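The structure under discussion appears below in the form of structure tokens.
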Amino acid sequence: MIKVEDIAFVRFRAPDLGQMRAFLEDFGLVVVEANDRRIVARAMGPAPVAHITELGEPGFAGIGLRAAREAELRQLSEAEGAPVQPFDAPGGGLVVRLADPDGHSVEVVAGQTPAPPSGLPGGEPWNSARIRDRLRQSRRLAAGPSHVVRLGHAVLNVSNFRASEAWYKSRFGFITSDEIALSPQFSVGAFMRCDRGETPTDHHTLFLIQSPKGPGFNHAAYEVTDFDDLMLGHQRLADAGRHSEWGVGRHLLGSQIFDYWRDPWGHTLEHWTDGDLFTAADGSNTATLQDLLGVQWGPAAPPTMG
Ligand SMILES: [Fe+2]
């Protein structure tokens, strides 16, 4: 077993790369490679790749996870009998390609060259009733897309939760944060975080949910700079006539403020901010389907979600 440290990217196919590019730019990603074969986009953080679209029939084409060291890729390669190959994308590095029990492509990358950092907006003091922090100074925000910092998690619909859970945990070291139990004997999914020891990490990097619709892509979620940045991005996507799926609201499990949108072919991408961070020692909980779909504020989940 290796321990992945984060999700790296999601991969799609689309028949019109120009349309996908326009959507990604409204969403707040930065296109770093565009040709007649594919477009590659990054966020503003150091990850050189965050979203890949290849020309083809529309669909989900897999997730990428990131290992801390190339040595871990060699270990995975030996255990799985899958070769270590050069990763053909900006930032380079190496990749081992696997398929999960439902046939979803899972690429594990390491050794990518980080992208140059981009400056993030915001950071101005915020006035609340408790703390008056911004004095003798106006707040003025620049309209435009959200400043997406990084890909934070992906959600996959699976045909058999326990089989997929075992597959991902035994290879990549995921830890359950919240397991979704319909009864004490029957669980249908789990929010899983990376095992980064004492380093706090997102409440979930991967969420697997057994779906009556069968296996497939549920959504991928990108962290934005802060709440204002999320709302500016909402305005931009709404003004551009994009398809809002669900939001704005605050989740119960993971606690994020969320905002879900669909790409031109119906794949759901999420903006989020202010999520929970836990260490490996923080343990696991069980929760209900009501907790999963529940919000602390905001609209109820639409029936189309996921
Ligand atoms: Fe999400």
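Start at 1 and go down the list; that is how both ligands and their atoms are numbered. In this text, all values refer to a predicted model and were calculated from it rather than measured experimentally.
Heavy atoms of other residues, nucleotides or ligands lying less than 6.0 angstrom from NZ of Lys169 number more than 12. The number of heavy atoms from other shown groups lying within 6.0 Å of CD (Gln296) is above 12.
Checked against the Fe ion (ligand 1), the N, O or S atom of His153 at the shortest distance is NE2. Glu270 contributes atom OE1 as its closest N/O/S atom to the Fe ion (ligand 1).
Note: Phe12 and His51 have parallel aromatic rings, judged against thresholds of 30 and 60 degrees for the angle between ring planes. Ring geometry for Phe207 against His204 counts as perpendicular: the plane angle is over 60°, on a 0 to 90° scale with 30° as the lower cut.
Within the coordination shell of the Fe ion (ligand 1), defined by N, O or S atoms under 2.8 Å, His204 is absent.
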